Undergrad: 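Okay, handing you the structure first.
Bear in mind the structure is a predicted one, so any value in this text is a computation, not a measurement.
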Amino acid sequence: MSDRATYTNGHHESALRSHQRRTAADSAGYLLPYLRPGLSLLDVGCGPGTITADLANIVAPGSVTAVDQFADVLDAARTEAQQRNLSNISFATADVGRLDMADDTFDVVHAHQVLQHLADPVRALREMRRVCTPGGIVAARDADYAGFVWFPRLAALDFWRDIYQQAARANGGEPDAGRRLLSWALEAGFDDVTPTGSLWCFATDEAREWWGGMWADRILHSGIAADILRFGLATPAQLEEIAQAWRDWAAAKDGWLAIPNGEIIRRA
């Protein structure tokens, strides 16, 4: 059995639009105090590589190995590195549950929004620890969909969250991973775990336009849309209603959205 469930989000342009906006500052702030020049770092599930590139800048002249299960998204990550003139990143396809890497290889092993998509996140954490040097850092951060909070309240967005969670679980993942990270780490045999949490908040005109427009497209055209229809969780007309609700939320001058994220740091 694969340790990775079916990837619910897919790699439609609208999904990549979400991932390409992420930075180390807004997505890995809990990890940054532990980083310094010269460290070797493994970025698991690197996606289009914007966080990876930021981390590579921080640890340079140390090396970064960026891995993802999907070769096509690695092309986007390579382009990101080339555009930033970064030469300390190497790329490879890999399954986090079965890393083809020697024990005690990396000073830091990092995964952002990865464990929620895995059939066996505990095994993945064990693999991350295995390839981390003694005294090194294993770090993971994941969102918690049940904790999403927004204003104004729109019934179609409540429905969106419900069917997203159902689709993610039908695909073998856990969309409320943020609250589970500490539990999974303890089950994986981790000790000396530092659990924290942080929020993404979208409330400015620009942020609402980006987030609302991105999800209006995603719910109609991305992998999650196909899965929702395939599982019979909504009709095409209901997906259109959700898309319009995201546009309405984005247009609201008092629109506000917060996404909680769980985080763990473990010294290997």
Undergrad: Short question: side chain of D142, backbone of G178 - any donor-acceptor pair under 3.5 Å?
TA: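 Here the side-chain-to-backbone pair does not exist.
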
Undergrad: Are side-chain heavy atoms of V108 and Y34 found at a separation under 4.5 Å?
TA: no

Undergrad: Do the non-hydrogen side-chain atoms of E241 and F159 ever get within less than 4.5 Å of each other?
TA: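 The answer is no, as the side chains (C-beta and beyond) never meet within the 4.5 Å cut-off.
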
Undergrad: Nearest 0.5 angstrom please: T93 OG1 to F70 CZ, how far?
TA: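 Result: 11.0 Å between the selected atoms.
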
Undergrad: Going by an N to O cut-off under 4.0 Å, is there a salt bridge joining R130 and D104?
TA: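 Not counted as a salt bridge, because no side-chain N and carboxylate O are separated by less than 4.0 Å.
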
Undergrad: Can you tell me how far apart CG (L181) and CG (L125) are? Round to the nearest 0.5 Å.
TA: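 Here the interatomic distance stands at 7.5 Å.
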
Undergrad: Any non-hydrogen side-chain atom of L42 less than 4.5 Å from a side-chain atom of L99?
TA: yes

Undergrad: Which residue, D192, V193, I137, V138, forms the side chain to side chain contact (heavy atoms under 4.5 Å, CB included) with I265?
TA: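 So the option named by the test is I137.
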
Undergrad: Following the transitive rule for hydrophobic clusters with a side-chain heavy-atom cut-off under 4.5 Å over Ile, Leu, Val, Met, Phe, Trp and Tyr, establish whether W256 and W249 coincide in one cluster.
TA: no

Undergrad: Would you mind checking if K253 and D205 are paired as a salt bridge, meaning a charged N to carboxylate O distance below 4.0 Å?
TA: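 Salt bridge present between D205 and K253.
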
Undergrad: Can you tell if the side chain of R169 reaches within under 4.5 Å of the side chain of D176, non-hydrogen atoms only?
TA: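 In short, these two side chains touch, coming nearer than 4.5 Å.
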
Undergrad: Using side-chain heavy atoms (C-beta onward) and a distance below 4.5 Å, is V73 in contact with P48?
TA: yes

Undergrad: Which value, rounded to the nearest 0.5 Å, describes the distance between R179 atom CZ and E174 atom CD?
TA: 8.5 Å

Undergrad: Between W200 and H112, how do the two ring planes meet: parallel, tilted or perpendicular, split at 30° and 60°?
TA: perpendicular

Undergrad: Taking CZ in R36 as the centre, count heavy atoms belonging to other residues, nucleotides or ligands within less than 6.0 Å. Is the count above 12?
TA: no

Undergrad: How long is the straight-line distance from SG of C132 back to CG of D107, given to the nearest 0.5 Å?
TA: 7.5 Å

Undergrad: Any salt bridge between E206 and R21, counting N to O under 4.0 Å?
TA: yes

Undergrad: So, taking the atom named CD1 in I224 and the one named CZ in R218, what distance separates them when rounded to the nearest 0.5 Å?
TA: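 If I round to the nearest 0.5 Å, the distance is 8.5 Å.
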
Undergrad: Would you indicate whether the side-chain heavy atoms of T65 and S40 approach each other to under 4.5 Å?
TA: no

Undergrad: I want to know whether W246 and W160 have ring centres closer than 6.0 Å.
TA: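 Under 6.0 Å, so yes.
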
Undergrad: Flag the pair H110 / L55 as yes when at least one side-chain heavy-atom distance between them is below 4.5 Å, and no otherwise.
TA: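 Result yes, sub-4.5 Å side-chain heavy-atom pair found.
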
Undergrad: Are D144 and R180 ion-paired here, with the side-chain N under 4.0 Å from a carboxylate O?
TA: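 A salt bridge is absent here (no side-chain N lies under 4.0 Å from a carboxylate O).
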
Undergrad: Is there side-chain contact between P236 and L229, with heavy atoms separated by less than 4.5 Å?
TA: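 Yes, at least one pair of side-chain atoms sits under 4.5 Å.
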
Undergrad: Is the NZ or CZ atom of R266 both under 6.0 Å from the centre of the six-membered ring of F190 and within 45° of that ring's axis?
TA: yes

Undergrad: Walk me through it: do E263 and T196 pass the test side-chain hydrogen bond (donor to acceptor under 3.5 Å, both in side chains)?
TA: CA-CA 5 Å; E263 302 155 348; T196 54; 2.5 Å; yes

Undergrad: Measure the spacing between CG of D158 and CD1 of I242 and express it to the nearest 0.5 Å.
TA: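 Answer rounded to 0.5 Å: 10.5 Å.
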
Undergrad: Are R161 and W215 in a cation-pi contact, defined as NZ or CZ under 6.0 Å from the six-membered ring centre and within 45° of the axis?
TA: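 Negative - R161 is either too far from the ring of W215 or too far off its axis.
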
Undergrad: Check this for me: E209, atom CD, are more than 12 non-hydrogen atoms of other residues, nucleotides or ligands nearer than 6.0 Å?
TA: no

Undergrad: Between D254 and R208, is the closest basic N to carboxylate O distance under 4.0 Å?
TA: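 Salt bridge flag = no for D254 with R208.
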
Undergrad: Using a strict threshold of under 4.0 Å (side-chain N to carboxylate O), is an ion pair present between R123 and E127?
TA: no

